[in-house]
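Structure, as structure tokens:
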Amino acid sequence: MVCHQQGDFHLLPSFPTPAIHPVKHRMLFVIFAHGCSLGQSPILVLNALPRKKGPAGMKNSAYRLFKKPFFGRFVRPWHWPEGVDQQQWQRLTIASQSGAKLSGLLAPAHCAVAKGAVLMVHPMGAIAKGFWMKYGHADMLREAGYHVLLVDLNGFGESTSTTMDFPLDVLAAGQALQAQYPQLPVAVMGASMGAAMSVCAMAQPEHPFKAAVLESAFPTLLHFWSRYPIPRLGIQLSRLVYPAGERSLRPLDAAQRLVGRPSMLMIYGDADEFTPVADGQLLWRVLNSHTQAEFWQVPGAQHTHAYAAQPRDYAQKVVAFLDTQLLHSEQAARQK
């Protein structure tokens, strides 16, 4: 359902609610892990929580505490990247099953007849959805004939902060994009955290993605956070206290449960310190055993910046991949 409010679109979910874990188990995990990771009593952490009404408010407050060692430095007011023509973008508000209201920006393709639509899921950073505008990816896809939707994951940019259920944010945004363009095939493009959570989203029933371009996707949270002591401890504790929650954010597990076998282009830079090529190959091998997955190692590319390192090759490979895979998916849909 789409509601109009002051020129913006507000999209409410009309899809089935995925199974979620009991609230009290999540809260206990968050309180325990955060308290232990900071060397505090979990009871002291619980007592320090803001007293919001109802279990949902208390749960979200607990998660905000747990998120701080991971994402706290990125929680800043969001600003448009310099030089962006804001008039070309339409604001969306998307309701996620994570409980968050996600902020999105929608822009049309630079052509009369679009080939498809691409959801773009950002890496960690205060710039959030602005990453794709600042570094040129969004314009590249629009020039190639694709509508694009940029979305802030919950707790980033202009989205509200709730849980760690980021795959549900990707799912909600993808379904909102499909609802905007029901006759067009939809793909997802993600970088780092956005790429990893997109893999997890593609293990969810009812995801709309026919293809995925994934740059610097890590295999598990520990692969990425192992060099940071406090986040590493929090993840290790979560595996003991609330293992189902940690598994739901593990791309290696999701790769074995893909729904619909979407084709994937995996991109890794050989100068990436955070998600090295070896980590990418680990995830790629599992994905390639369950769907068609192409691996591209980009010379000289740092973390999430393959486009900057090899702009011409990047644009050619990504556009050719999307053109081929979305055309195939559209032809298959017509034959049904």
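Because the structure is predicted, anything quoted here is derived from the model rather than measured. Worth knowing before you read on, the calculation uses all heavy atoms, side chains too, and leaves out hydrogens, waters and symmetry mates. Throughout, residue positions are numbered sequentially from 1 according to the sequence presented.
With hydrogens and angles disregarded, no donor-acceptor distance shorter than 3.5 Å links the side chain of K115 to the backbone of D323. Judged by distance alone, with hydrogens and angles left aside, the side-chain atoms of Q302 form no donor-acceptor pair with the main-chain N or O of E273 at under 3.5 Å. In this structure, H147 contributes its side chain and L106 its backbone to no donor-acceptor pair below 3.5 Å. Within the 3.5 Å criterion, the main-chain N or O of K101 finds a donor-acceptor partner in the side chain of T160. For Y268 (side chain) and A301 (main-chain N/O), no donor-acceptor pair under 3.5 Å exists by modelled atom type. A donor-acceptor pair is defined here as one N or O able to donate and one able to accept, closer than 3.5 Å; such a pair exists between the side chain of H207 and the backbone of V259. Under a 3.5 Å cut-off, the side chain of Q310 and the backbone N or O of V298 do not form any donor-acceptor pair. A donor-acceptor pair under 3.5 Å links the side-chain atoms of D169 to the main chain of N154, judged by distance alone.
Hydrophobic clustering, with ILVMFWY side chains joined whenever heavy atoms are under 4.5 angstrom apart, keeps V319 apart from L184.
Atom-to-atom distance recorded for T304:OG1 and I267:CD1 is 11.5 Å, nearest 0.5 angstrom. One finds the OH atom of Y307 at 12.0 Å from the CD atom of E215 (value rounded to the nearest 0.5 Å). To the nearest 0.5 Å, atom OH of residue Y146 and atom NE2 of residue H110 are 14.5 Å apart. Going from atom CD of Q325 over to atom CG of L265 covers 9.5 Å, rounded to the nearest 0.5 Å.
For the pair R142 and W132, the cation-pi test (distance below 6.0 Å, angle within 45°) is failed.
Judged purely by distance below 3.5 Å, without hydrogens or angles, the side chains of D272 and S216 pair a donor atom with an acceptor atom.
Considering only heavy atoms from C-beta on, C200 stays 4.5 Å or farther from F166 through its side chain. Counting only heavy atoms from C-beta outward, the side chains of L258 and F209 never approach each other to under 4.5 Å. Inter-residue side-chain proximity for K210 and P262 is flagged as unmet; no heavy-atom pair is nearer than 4.5 Å.
Taking the six-membered ring where tryptophan is involved, the planes of Y135 and F131 are tilted, since the angle between them lies from 30° to 60°.
For S103, the side chain to side chain donor-acceptor pair (under 3.5 Å) partners are K129, E158, not counting sequence neighbours.
Each of V213, L214, V148 was checked for a side-chain contact (heavy atoms from CB on, under 4.5 Å) with M189, and the lone residue meeting it is V213.
Listed by first then second residue, pairs satisfying salt bridge (charged side-chain N to carboxylate O under 4.0 Å, His left out) with a partner in residues 180-200 number zero, not counting sequence neighbours. Pairs of residues two or more places apart, or lying in two chains, that qualify as side-chain hydrogen bond (donor to acceptor under 3.5 Å, both in side chains) and include a residue from residues 283-296 are E294-K317.
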